[in-house]
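Below is one structure, written out as structure tokens; comments come after it.
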2 protein chains.
Amino acid sequence: MSGRIDTKTKILDAAEKLFAERGFSETSLRLITSKAEVNLASVNYHFGSKKELIRAVLARYLDQFMPAAADEITAIRQQKPNASLTEIFSALVAPLLALERIRAGGTRTFLQLLGRGYIESQGHLRWFITSHYGEHLNLFVTAVQQSVPNIPKADIFWRLHFTLGTVVFTMGSADALMDIAAADFGERNNIETVIRKVIPYIASGVAV
Amino acid sequence: MSGRIDTKTKILDAAEKLFAERGFSETSLRLITSKAEVNLASVNYHFGSKKELIRAVLARYLDQFMPAAADEITAIRQQKPNASLTEIFSALVAPLLALERIRAGGTRTFLQLLGRGYIESQGHLRWFITSHYGEHLNLFVTAVQQSVPNIPKADIFWRLHFTLGTVVFTMGSADALMDIAAADFGERNNIETVIRKVIPYIASGVAV
DNA sequence: AATTAATTTAAACGTATGTTTAAAATTTGA
DNA sequence: TCAAATTTTAAACATACGTTTAAATTAATT
């Protein structure tokens, strides 16, 4: 039993790193299993298929992030019923950075996986996310709507998707961007400083 | 000779549609050539490799868009030296929509290809774009900097990349988003209305 | 019209992929 | 301890991919 969990975890650990770096379809099971130092067939044995492995990789992050984010949102709404948009978005920072404590680079890995899930796989991961975590998402959307009550719900829908694009695209190319920023402007960034940069941008855009 | 051009164009037309819809690595040469109704080997004959085909597909759009965008930016700066950020961004709308006249759906196709180029291919398309169209990009960045002279250049760098993410991610999932907006809010959008929605969002975020 | 060059074609090549199989090894439970 | 269930392993399978080859066809040139 400890052997089984160990193999599953080794696969998940190797897979999430490679998926985030290279994308789902550019990452072969042979590359994953060689990095994880397990047998090729163990992926199909433990997860059934590559598609289900992808979902398992994402679920491990979402299962931690979504409840934590929902808790933060709920807490903010109770403490400050008139919380600003920036405060709502900032409430997500702690749950995002908490992913870093599980695994070094976990925050960026999660956001990269999320972005690849939305872009690369034609809808089936989108469906997986909205069907499994719809309650948490609704909680967040409601909090945003309450913080900017004068904005039509349709506009909020669009702007939150703009925001999703901003975040996942930025995280997907965060390595390259941090390198350029260091070379051209002498900035030394990490994932948290980038998140701190993006919050005013998206808060301003959603509230415009 | 007319036969050669015809085959090349048929390949490019089929490839750009499939690349935009499904991504580069998810689109096989066999699928492209069957849709284009040409022989499989003609891709390698005319373009050398799949990688060069991808670049050719992107170049066809960039060669039209980049000079047109540069002209619009130059014109705006001459007419209104103190043009606002919204005016700068809006100057790109006409060149973007002009792509629509070449091919139906050309605007969205272009932005989707751009996004996939940045995300999917590890840097080699990014390099292709910045090295071939660096002058045009610099012109645009300079215009943005002049319109918000009080913002540090490093911040503008980050926010313009946030903006790129917003736009390409939105366009990559524009079909799904327009469907949802229609179902949930009764909105009937097209590519232009979505662009008009995104401009205040990004202008506000960059200027914040 | 004859020769040369350019293009198209069908077939094969070599490699890589996700998955399955069946035997070996290991762990579990009575 | 020993039989049963679980897990690991090596090998093979079937398929798909980008690319190359060489012959057939078409177009261009003289």
Side-chain angles (χ1 to χ4, degrees), chain A residues 1-60 113 116-117 120-125 128, chain B residues 1-60 113 116-117 120-125 128:
Chain A
M1 172 145 185
S2 77
R4 165 176 45 176
I5 290 179
D6 211 60
T7 297
K8 283 186 79 166
T9 306
K10 284 198 286 186
I11 293 171
L12 287 169
D13 288 348
E16 74 167 35
K17 181 165 154 52
L18 293 166
F19 283 155
E21 282 174 2
R22 315 157 52 99
F24 300 122
S25 64
E26 283 84 0
T27 303
S28 69
L29 295 185
R30 281 169 178 81
L31 181 59
I32 293 170
T33 52
S34 77
K35 293 278 182 189
E37 295 178 312
V38 300
N39 188 271
L40 166 65
S42 57
V43 172
N44 292 82
Y45 177 78
H46 285 290
F47 297 94
S49 67
K50 184 181 181 182
K51 191 176 272 185
E52 289 173 78
L53 170 63
I54 294 172
R55 283 206 287 263
V57 164
L58 258 156
R60 201 162 58 147
L113 291 171
R116 296 205 182 271
E120 195 168 318
S121 58
Q122 298 92 336
H124 92 270
L125 273 179
F128 169 74
Chain B
M1 171 141 186
S2 77
R4 166 176 44 176
I5 291 177
D6 211 63
T7 297
K8 284 186 78 165
T9 306
K10 283 199 287 186
I11 292 171
L12 288 168
D13 288 348
E16 71 168 36
K17 181 165 153 57
L18 293 166
F19 283 155
E21 284 173 0
R22 314 157 55 99
F24 299 122
S25 64
E26 282 84 359
T27 303
S28 69
L29 296 185
R30 282 170 177 80
L31 181 58
I32 292 170
T33 52
S34 76
K35 292 280 182 187
E37 295 179 313
V38 301
N39 188 272
L40 167 63
S42 58
V43 172
N44 292 79
Y45 176 77
H46 285 290
F47 297 94
S49 68
K50 185 182 180 181
K51 192 176 270 185
E52 291 173 78
L53 170 63
I54 294 173
R55 283 207 286 264
V57 164
L58 259 155
R60 202 162 57 148
L113 291 171
R116 296 205 182 270
E120 194 169 319
S121 57
Q122 297 93 335
H124 91 269
L125 274 178
F128 169 73

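Keep in mind it's a predicted model, so treat the numbers as computed, not measured. Labels below follow one simple rule: chain letters A, B, ... track the order of the sequence lines, proteins then strands, and each chain is numbered from 1.
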- Would you give a per-nucleotide map of nucleotides 14-21 of chain D, 5' to 3', where B means the base has a protein non-hydrogen atom under 4.0 Å away, S means only the sugar-phosphate does, and - means neither? ---BBBBB
- Query: Could you give all pairs that pass the side-chain hydrogen bond (donor to acceptor under 3.5 Å, both in side chains) test and reach residues 47-59 of chain A, with sequence neighbours left out?
  - Reply: Ser49(A)-Glu52(A)
- Quick one: Asp6(A) CG to dT27(C) C1', roughly how many Å, whole number? 14 Å
- Please name all residues satisfying salt bridge (charged side-chain N to carboxylate O under 4.0 Å, His left out) with Lys17(A), sequence neighbours left out, ordered by chain then number. Glu21(A)
- Hey, is the side chain of Asn39(A) poking within less than 4.0 Å of OP1 or OP2 on dA10(D), counting only N and O atoms? yes
- OP1 or OP2 of dT8(D) under 4.0 Å from side-chain N/O of His46(A): yes
- Message: Without decimals, in angstroms, what is the distance between Glu37(B) CD and dT7(C) P?
- Response: 20 Å
- Note on the structure: Whole-Å distance, Ile11(A) CD1 to dT19(C) P, equals 13 Å
Show the atom names and distances, to 0.1 Å, of all donor-acceptor pairs under 3.5 Å that link a side chain in residues 34-41 of chain B to residues at least two apart or in another chain.
residue  : atom : partner  : partner atom : Å
Ser34(B) : OG   : Arg30(B) : O            : 3.4
Ser34(B) : OG   : Leu31(B) : O            : 3.0
Asn39(B) : OD1  : Ala41(B) : N            : 2.9

- Query: Does Thr7(A) put a side-chain nitrogen or oxygen below 4.0 Å from OP1 or OP2 of dT8(D)?
  - Reply: yes
- Task: Keeping to residues at least two apart or across chains, list the ring pair (Phe, Tyr, Trp, His ring centres under 6.0 Å) pairs with something in residues 21-43 of chain B.
- Result: Phe19(B)-Phe24(B)
- CD of Glu16(B) to CG of Leu53(B): how many Å apart, nearest 0.5 Å? 10.5 Å
- Sequence-distant partners of Phe47(B), ring pair (Phe, Tyr, Trp, His ring centres under 6.0 Å), two or more places apart: none
